[in-house]
Structure formats: structure tokens, C-alpha cells
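Comments concern the structure below.
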Amino acid sequence: MREHSTTHLNPRSPLVLDTRDLPRSAGAMREVVRVVPAPEDLGLELIGVPAGADLSLRLQMTSVSEGVYVSGEVSGPLVGECSRCLREINDTLDVNIAELYAYAHSTTDETTDEDEVGRMQGDLIDLEPTLRDAAVLALPANPLCREDCPGLCVECGEPWDTLPADHSHQAVDPRWAKLNDLTR
Ligand SMILES: [Zn+2]
Ligand SMILES: [Zn+2]
């Protein structure tokens, strides 16, 4: 028998699902609809859900022969920084969860690795690792404020969006500058 990592889950922790009122007969279902505070660092370096922001869980727990299947949606606010112009991005994270959590000592538990299939910890399910994986997959490593963001002027570092169309840093020859003054 394999050793299991025994992290002790707190049933009252926001991203821990308690299956005690879910009958273990295959096909039994329970809805989990709740709003919980987002954990720290949910997302990537440039974009993510701020810690403590409202995460909406709309999930279904279904008993299957080997464990509990959790499916549904998690959504929450996203805050990030445009990788081109560095301005703030405000968006919404919407991810789908579809994960089997195997009962301890079920055939699935004995024949799969923990990184392939989730594990029940007693009657509890830790949703956090699944949610983190889903968020990381859904988020862009280089977020943009919009698809065609023109970025920053390399000369002055101002966002092109805020600069006039004829903005340029052409070094003006001082002799021509004088001429320009005359013709003005
Ligand atoms: Zn941008
Ligand atoms: Zn410039």
C-alpha cells in the first residue's frame, strides 16, 4: 500500500468541499454554489485574481464508483498589467473545473499517480490545486489590454494610445530648426 501525503484539510476553509452530505451511491449529486475569498497568488505574474476578491463557485459534486467527480465553473475578477503598455487590465476569470477525486484505497487511488487524478482526503476535497491549474491554463503569460495594443514609444516610454498621431522624436538639425521658426 502506498503512503499518502497527509495534509490535514480544514473543512471550513473556503476552497475545501465537504462531501459528508453527498450519498456515496453512484449518481448522487450535490450542488455547491457559494462565493468565497480568493486565495493568494491565484494566477500568473502579470495577471491574476486579487487575494480576497470574490470567487464564485458554481459546482456539482457527483458520486461515482471510485470517488467524487467535481465539475462546473469558477469565476472571479482579474486584475493585471498589459505586457506591452503596462496599463492596468480589468477582466473576468472564468474557468471550468472537471476533476475526479478518488476515494482512498479505491482501485483508481491504487493505480494512478496523485498528479493524474485528485484524491479525497477523508470526506474532504481540496479544490485549490485544481483551481490553480485551471487558472494558470486559462490565463495569458503576456496579457494585453487589447489585441492590437500598440505598446509604448521606445523613445519616451509613453503609451502610443495617449500620444498624438504625429508624435515622433526625430532629432531636428539645429539649422533646420531655425528655418522651421522662420517659416512658422
Ligand atoms: Zn496595452
Ligand atoms: Zn515618444
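Start at 1 and go down the list; that is how both ligands and their atoms are numbered. Atom set for the values below is all heavy atoms of this structure, side chains included, hydrogens, waters and symmetry mates excluded.
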Rounded distance (nearest 0.5 Å) linking atom CZ of R87 with atom SG of C145: 5.0 Å

Metal-centred angle, SG of C145 through the Zn ion (ligand 1) to SG of C82, rounded to 10 degrees: 110°

With the Zn ion (ligand 2) as the apex, the SG/NE2 angle for C153 and H167 - to 10°: 120°

E45 atom CD: more than 12 heavy-atom contacts under 6.0 Å: no

Proximal heteroatom of H169 relative to the Zn ion (ligand 2) (N/O/S): NE2

Y101 versus T130, side-chain donor and acceptor atoms under 3.5 Å: yes

R84 and D148 ion-paired at < 4.0 Å: no

